[in-house]
Amino acid sequence: MHEKFLKPYDAKATEEATYKRWEESGFFNPDNLPPIDTAQGKAERSEPFTIIMPPPNANGSLHAGHAVFVAIEDLMIRYQRMRGKKALWLPGADHAGFETQVVYEKKLEKEGRTRMGMDPDALRQEIMDFTLTNKSFMEGQLRQLGASCDWSRERFTLDPEIIETVYGTFKKLHEDGLVYRGARSINWCTKHQTSLSELETESEERIDPLYYMKYGPFILATVRPETKFGDTAVAVNPNDPRYQEWIGKEIEFEGLIGTVKLKVIADEYVDPAFGTGVVKITPAHDPNDFEMAKRHNLEIVEVIDRYGKLNEKCGKYAGMKVEEARKAVAADLLERGLIDHVDEEYKHAVKKCYKCERVLEPRVLPQWFVKMAPLAAPVIEAIERDEVIFYPDHYKKIMLHWLRNIEDWNVSRQIVWGIPIPAWYKDKEVHIGTESPGDGWIKETDTFDTWFSSGQWPFATLGYPDGSDFKQFYPTQVMETAGEIIFFWVARMLMLGTYRTGRLPFSTVYLHGIVTAKDGKKMSKSKGNVISPLELSEKYGTDALRMGLIIGNTPGTTTALYEDKIKAYKLFSNKLWNITRFIFENAETVGHTEDAPLNAADATRLAEFKALAADVTKDIDEYRFYMAGEKLYGYLWHTLADAILEESKPILKEGSAEAKASRLTLLMLILKDSLKLLHPFMPFITEEIWTHIPARSNLLLVEAWPQP
RNA sequence: GGACGGUUAGCUCAGUUGGUAGAGCAUUCCCUUCACACGGGAGAGGUCACAGGUUCGAGUCCUGUACCGUCCACCA
């Protein structure tokens, strides 16, 4: 027996070397996997099993959420590899456009710099250097967590081939009439100086004053008096008897900065029961008003600029920030007797930037939109036919609801860190392509929403359309990711993948919940409750960390991560280590044997173990990893160690030669197969022990899963 | 305003198709016995949120209520 077993298991001292052995074996690459053992002898692996890794944002360290996906996806991949599949886990990294730009802007801020006024190319290069540095850190961290992914196939969302695929999709969308550039009301963040998609906004309930203002013959209610300079109409409901005589007429009255002339329009949108049943229409700064303006061909007058300040059209209020202007305008209106009354307790929702929580300013800007309803339609049908299975299954309903009510997607971002939108303009003409079509064309400066590229990740990474990987590994089997990004990412992958390739990109979606602190609160730097998975891995071993992240973690629900839990599985590592020591010690003293006939008692024990193995296998096949892990833990501790080892002591000491041989055979069989069953959960310690198993043939990594 | 998830031992959570409740941590007592003190043994601790219903039998299925949480939603 190796002297290692005389000391407690030292995770830190073995993990790095073990990972190196795996990586050098080449077996992370499915092309290099050895043949599998079948009843008919050796056979080449033919059936692929593919997981595309959710590419972590290359802008910081891996957090607990990443550790969860590594634990779960690596479990699936290792399991399927042992089951004889051609297992591919394709790693990647995301440039994470807006997210990274925000991170980098904070860094600039700390250095007393700002991105405004910087040369875009220089800024882009700086962020690229920053991103590539983080990317390599992140890759090291994935290795530390034991990810058995194929590094030779790693992709980055800014790789030239990926960008080419993304451009191809954009071009196809354009040719199919599914992408358009249009002036629409968009969500504008005055801090980040970019538009955001609907998903990137958060709404917050607020209580604000509702001002009832006098508009000529009308009194109308608004929470935003400061936008009145951009009014281009007032609207009433066409069936409202109170205002029939005014419809189509023009009203004229003295406002704060001169005479105001507004047309009275009738629109079903106006709710006669709300306020006075009259609405002022400010198309430039309210999405509903914009829609009405389109229906009635109203003028769009912008009065708030990109920084959230009133512009030159606002007379003496020009230069004021929105909030400041609101107070000033309200005060002046009151003084001039133009306010009828104020409802101080008006409850309503405002949209905020999900990053900085500033209130977003609706602005009308030309942006690129993708028409989503036609992309969603085939996906809705496929989900209804259960061609995509969700774990947990209630996400099916959530997904369908979102897809059925989908809105067009604004894919334009006014930031430098992203894939440039390949478009050129000349007068009213638009050209799609990366090269200028000739003199006088102006290049688009916007970049794509990062999700537009990551939404194409499964087929882009596999080399669509001609790559052999695409032919072999697409569609993939499982998409495992955080429930939080089901709309951002999973829905977009389903739609763009189906649109571009004609096939769904994956057939199973497994969504894990967010990882919280022990009190159930979300981890955040400001709360100071962030737990680094890498520190826990250093302290207790990656295996313990992974076990702690798997057990008790059901899909879709939040999981609390805390040190005690991980510590418990460190003790389990130790237990397994000592079980091994006991068996090895006895193999030495009694004489090593693995193929003696089993007596009745030992046959019963073996049957009991086989039942466990079958149970665990079924649980993994049915995505109940948390149960499989707990069963293994329970069996190894309470059956193998507490019962079998204890009853073995007298047998191995005083039993007959046959009894000893039978028992030792049993112990070796159980140990070996236990290591296999446990490998996907605790890859490092099992591989380390496997090294010391006599007559082993290969790395445990590629051993065959115990036959059920 | 819709929809979803949760409510099980002090804490964090399991409980697959309905068959008199489980794990880890914490806690009480005992034990340095030859795999392991990074351990072992024994114990305490729960009317499974509440109210009905289905059933021979419900934590598990149905209806409703309460509380917590999340997502979606353009009423100025």
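Below, read A as the first sequence line, B as the second, and so on, with proteins coming before strands; counting in each chain starts at 1.
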What's the closest nucleotide to the side chain of [X] if the choices are [options]?
X        : options             : answer
A:Asp642 : B:C36, B:A76, B:G41 : B:G41
A:Trp637 : B:C72, B:G39, B:C4  : B:G39
A:Asn574 : B:G24, B:C4, B:C38  : B:C38

- Task: Give a yes/no verdict on a cation-pi contact between A:Arg492 and A:Phe487, requiring under 6.0 Å between NZ or CZ and the six-membered ring centre and an angle within 45° of the axis.
- Result: no

- Query: Which sits closer to the 5' end of RNA chain B, A:Ala641 or A:Glu630, going by the nucleotide each is nearest to?
  - Reply: A:Glu630

- Item | Whichever of A:Ile398 and A:Ile551 has its nearest RNA chain B nucleotide further upstream toward 5' | A:Ile398

- Message: As a quick check of understanding, evaluate side chain to side chain contact (heavy atoms under 4.5 Å, CB included) for A:Met372 and A:Glu407, giving each step before the final call.
- Response: CA-CA 6 Å; A:Met372 298 308 283; A:Glu407 288 183 37; over 6 Å; no

- Message: From CG of A:Leu262 over to P of B:A76, roughly how many Å is that when rounded to an integer?
- Response: 20 Å

Pair of N/O donor and acceptor under 3.5 Å linking [N] base with [X] side chain:
X        : N     : answer
A:Glu198 : B:A73 : no
A:Lys570 : B:C38 : yes
A:Lys575 : B:C36 : yes

- Rounded P spacing from B:A21 to B:G46 in Å: 14 Å

- Item | Separation between the C1' atoms of B:U28 and B:G45, rounded to whole Å | 11 Å

- Message: Within the 4.0 Å heavy-atom criterion, would you say A:Phe274 contacts the bases, only the backbone, or no part of the nucleic acid?
- Response: base

- Using a cut-off of less than 4.0 Å, is there contact between a side-chain N or O of A:His638 and OP1 or OP2 of B:G40? no

